[in-house]
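One structure below.
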Amino acid sequence: MVVDCVLVKKLKSQCNRDVQVYNQSEFTNLDDLLFRSVEINGLGGQLSMAGYSAGVLRAKTITIVGNTEVPLGKEIEFVTHECPM
């Protein structure tokens, strides 16, 4: 096997930031970043991730509370990741 190219991407970090998501539009601010914590809170009603397109949510801790829906045909990956020093 021969490898022609290797792409290395440095993960952007906002490890000093805790994020709380209460509505669908707040998902757009989470693209491609690493946070200290993320809480997705659908207690006020159904929270849909239909507008979230990044596909990967990264934080040291991720908490999902209440009714949160990932629509059919969409996918999301939750990755817990330590913040770099």
Side-chain angles (χ1 to χ4, degrees):
M1 177 166 66
V2 176
V3 177
D4 286 339
C5 177
V6 174
L7 178 64
V8 177
K9 183 177 177 183
K10 183 175 181 179
L11 187 61
K12 296 180 225 165
S13 174
Q14 291 192 3
C15 285
N16 59 342
R17 188 170 163 212
D18 296 315
V19 177
Q20 296 165 336
V21 178
Y22 294 102
N23 62 55
Q24 183 174 339
S25 65
E26 292 173 327
F27 280 112
T28 59
N29 300 325
L30 305 179
D31 293 350
D32 216 14
L33 293 169
L34 171 64
F35 300 100
R36 180 173 44 207
S37 71
V38 174
E39 178 182 307
I40 300 170
N41 193 324
L43 286 178
Q46 184 100 3
L47 179 61
S48 174
M49 297 177 139
Y52 185 63
S53 62
V56 180
L57 189 102
R58 294 177 181 91
K60 185 174 180 185
T61 61
I62 300 171
T63 307
I64 302 172
V65 180
N67 298 324
T68 303
E69 175 185 283
V70 178
L72 187 65
K74 293 267 186 175
E75 63 180 57
I76 186 163
E77 180 179 353
F78 297 101
V79 178
T80 55
H81 194 292
E82 288 294 323
C83 290
M85 297 291 178

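Thr61 pairs by the side chain to side chain donor-acceptor pair (under 3.5 Å) definition with nothing, not counting sequence neighbours. Remark: Glu39 engages Asn41 in a side chain to side chain donor-acceptor pair (under 3.5 Å) (not counting sequence neighbours).
Closest non-hydrogen pair, Val79 versus Val56, comes out as CG2-CG1, 3.9 Å. Listed here is the closest heavy atom pair of Cys83 and Leu34: CA-CD2, 4.1 Å.
The side-chain heavy atoms of Arg36 and Arg17, taken from C-beta on, include no pair separated by under 4.5 Å.
How far CD of Gln14 is from CZ of Arg58: 13.5 Å, rounded to the nearest 0.5 Å. Between the NZ atom in Lys60 and the CG atom in Asp18 there is a gap of 10.5 Å [rounded to 0.5 Å]. Between the CG atom in Leu57 and the OG1 atom in Thr80 there is a gap of 11.0 Å [rounded to 0.5 Å].
Linking ILVMFWY side-chain heavy atoms closer than 4.5 Å, directly or via other members, places Val65 and Tyr22 in two distinct hydrophobic clusters.
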